[in-house]
Amino acid sequence: MNLSGSICALATPFRNADLDLEAFGRLIEYQIAGGTSAVVVAGSTGEGASLEADELVRLLEHAVRVVDGRMPVIAGSGLQSTRKTIEQTRLARNAGADLALVVVPAYVRPTQEGLFRHFKAIAEAVDIPLILYNVPGRTVADLSCDTTLRLAEIPNIVGIKDATANVGRVTQQLLACGKAFVQLSGEDATALGFNAHGGVGCISVTSNVAPRSSFNAGSELC
């Protein structure tokens, strides 16, 4: 499963307050034609926190149908509550997602031990590969390198989307977790430096409008 290069955090199109699945399918085809290596459905760019459960399922099932095995489909499934995140991640797995992207819970500011137990509980409850998502600028909680190392030892936690903009952390996590643990930039602006320090790609917002440029920029260092 390819988790490197440019991975698009897809926008979610709406028309008349309902999902526009036709437009969504065109956006996915545009990504495939542009060389995108995977797509994230219902991430923060895709209104993930605002979607109803049935909308998440409809989006994922449509994405899986359109992609038809041509690249991995990653579901954004992280919520504040551990229980609700487990439920959302199960929905994602059952809808056919290949992986789940699980963000640090926002606003509640858990301790490092609390973060470890949160992600561990999700990994143990749902049989799907998980990508951690650390974005302290939005969640006001930072997943430390030490906690990331503990989580990387759990078999189905396979990588991290790091939006700290601290490229020095990439080398620390690489030395601690090894090359098998996938490190993806969560910011287009710092992706070049991130990959130079040992990352393998970027979950990109820019690729919604310029997939080929994003793919080429990421591929040179991946």
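Treat the numbers as computed from the prediction; the structure is a model and nothing was measured.
Under the 4.5 Å side-chain heavy-atom criterion for Ile, Leu, Val, Met, Phe, Trp and Tyr, Leu101 and Val158 are members of the same hydrophobic cluster. Linking ILVMFWY residues whenever their side-chain heavy atoms come closer than 4.5 Å, directly or via other members, leaves Val102 and Leu99 in distinct clusters. Leu3 and Val73 fall into different hydrophobic clusters, where Ile, Leu, Val, Met, Phe, Trp and Tyr residues are linked whenever their side-chain heavy atoms come under 4.5 Å apart, directly or through other members.
Looking at Val66 and Asp68, their side chains never come closer than 4.5 Å, going by heavy atoms from C-beta outward. With a 4.5 Å cut-off on side-chain heavy atoms, Val126 and Ile86 count as touching. A heavy-atom distance below 4.5 Å is found between the side chains of Leu10 and Leu27. In this structure the side chain of Pro129 never reaches within 4.5 angstrom of the side chain of Ile157, judged on heavy atoms. Side-chain contact between Phe119 and Ile154: absent, with no pair of heavy atoms (C-beta onward) separated by less than 4.5 Å. With contacts defined as side-chain heavy-atom distances shorter than 4.5 Å, the pair Pro136/Thr164 qualifies. At least one side-chain heavy atom of Pro110 sits under 4.5 Å from a side-chain heavy atom of Val108. Residues Phe194 and Cys202 form no side-chain contact, since every pair of their non-hydrogen atoms from C-beta on lies 4.5 Å or further apart.
The backbone N or O of Val135 lies less than 3.5 Å from a partner atom in the side chain of Thr139, making a donor-acceptor pair. Not a single donor-acceptor pair under 3.5 Å links the side chain of Ser207 to the backbone N or O of Ala210. Of the possible polar contacts, one joining the His62 side chain to the Leu21 backbone as a donor-acceptor pair under 3.5 Å is found. Judged by distance alone, the side chain of Ser37 and the main-chain N or O of Ser6 form a donor-acceptor pair under 3.5 Å. Using modelled atom types, one side-chain atom of Gln80 and one backbone atom of Ala106 make a donor-acceptor pair closer than 3.5 Å.
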Side-chain donor-acceptor pairs of residues 177-184 under 3.5 Å, sequence neighbours excluded:
{"unit_1": "Gln183", "atom_1": "OE1", "unit_2": "Gln173", "atom_2": "NE2", "d": "2.7"}
{"unit_1": "Gln183", "atom_1": "NE2", "unit_2": "Val170", "atom_2": "O", "d": "3.0"}

Side chains of residues 140-149: which donor-acceptor pairs under 3.5 Å do they make with residues two or more places apart or in other chains?
{"unit_1": "Asp142", "atom_1": "OD1", "unit_2": "Asn134", "atom_2": "ND2", "d": "2.8"}
{"unit_1": "Asp142", "atom_1": "OD1", "unit_2": "Arg169", "atom_2": "NH1", "d": "2.8"}
{"unit_1": "Asp142", "atom_1": "OD2", "unit_2": "Arg169", "atom_2": "NH2", "d": "2.9"}
{"unit_1": "Ser144", "atom_1": "OG", "unit_2": "Gln112", "atom_2": "OE1", "d": "3.0"}
{"unit_1": "Ser144", "atom_1": "OG", "unit_2": "Thr147", "atom_2": "N", "d": "3.1"}
{"unit_1": "Ser144", "atom_1": "OG", "unit_2": "Thr147", "atom_2": "OG1", "d": "3.0"}
{"unit_1": "Thr147", "atom_1": "OG1", "unit_2": "Gln112", "atom_2": "OE1", "d": "2.7"}
{"unit_1": "Thr148", "atom_1": "OG1", "unit_2": "Ser144", "atom_2": "O", "d": "2.9"}

Cut-off 3.5 Å, no hydrogens considered: what does the side-chain donor-acceptor table look like for residues 39-61, sequence neighbours left out?
{"unit_1": "Glu55", "atom_1": "OE1", "unit_2": "Glu52", "atom_2": "N", "d": "2.9"}
{"unit_1": "Arg58", "atom_1": "NH1", "unit_2": "Asp18", "atom_2": "OD1", "d": "3.4"}

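Distance check: Arg83 CZ to Gln88 CD gives 12.0 Å after rounding to the nearest 0.5 Å. Taken from CZ in Arg15 to CG in Asp20, the straight-line distance is 5.0 Å, to the nearest 0.5 Å. Atoms OG1 and CG, on Thr190 and Asn195 in that order, are 9.5 Å from each other to the nearest 0.5 Å. Atoms OH and OG, on Tyr133 and Ser77 in that order, are 13.0 Å from each other to the nearest 0.5 Å. In this structure, the separation between CE on Met1 and CE on Met71 is 13.0 Å, given to the nearest 0.5 Å. Between the CG atom of Leu192 and the OG atom of Ser185 there is a distance of 10.0 Å, given to the nearest 0.5 Å.
In terms of heavy atoms, Val64 sits closest to Ala95 at CG2-O, 3.8 Å. When all heavy atoms of Leu115 and Pro105 are compared, the pair lying nearest together is CD2-CD, 3.8 Å. Listed here is the closest heavy atom pair of Ile74 and Ala38: CD1-CB, 4.3 Å. Here the shortest heavy-atom pairing between Lys161 and Ile131 reads N-CG2, 3.7 Å. Shown here for Val205 and Asp188, the closest heavy-atom pair between the two residues is N-OD2, 3.1 Å.
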Output, in order, the C-alpha distance, side-chain angles, deciding distance and verdict of salt bridge (charged side-chain N to carboxylate O under 4.0 Å, His left out) for Arg70 and Glu29. CA-CA 10 Å; Arg70 290 178 286 177; Glu29 291 290 358; 2.9 Å; yes
Would Thr82 and His118 count as a side-chain hydrogen bond (donor to acceptor under 3.5 Å, both in side chains) here? Give the steps. CA-CA 6 Å; Thr82 304; His118 173 75; 2.7 Å; yes
Test side chain to side chain contact (heavy atoms under 4.5 Å, CB included) on Leu19 and Phe24 and set out the steps. CA-CA 8 Å; Leu19 299 175; Phe24 189 55; over 6 Å; no
Quick one, Cys8 with Asn208, criterion side chain to side chain contact (heavy atoms under 4.5 Å, CB included). Give me CA distance, side-chain angles, the key distance, then yes/no. CA-CA 6 Å; Cys8 184; Asn208 275 279; 3.7 Å; yes
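Between Glu153 and Lys120 there is no salt bridge, since none of the side-chain N atoms of the basic residue sits less than 4.0 Å from a carboxylate O of the acidic one.
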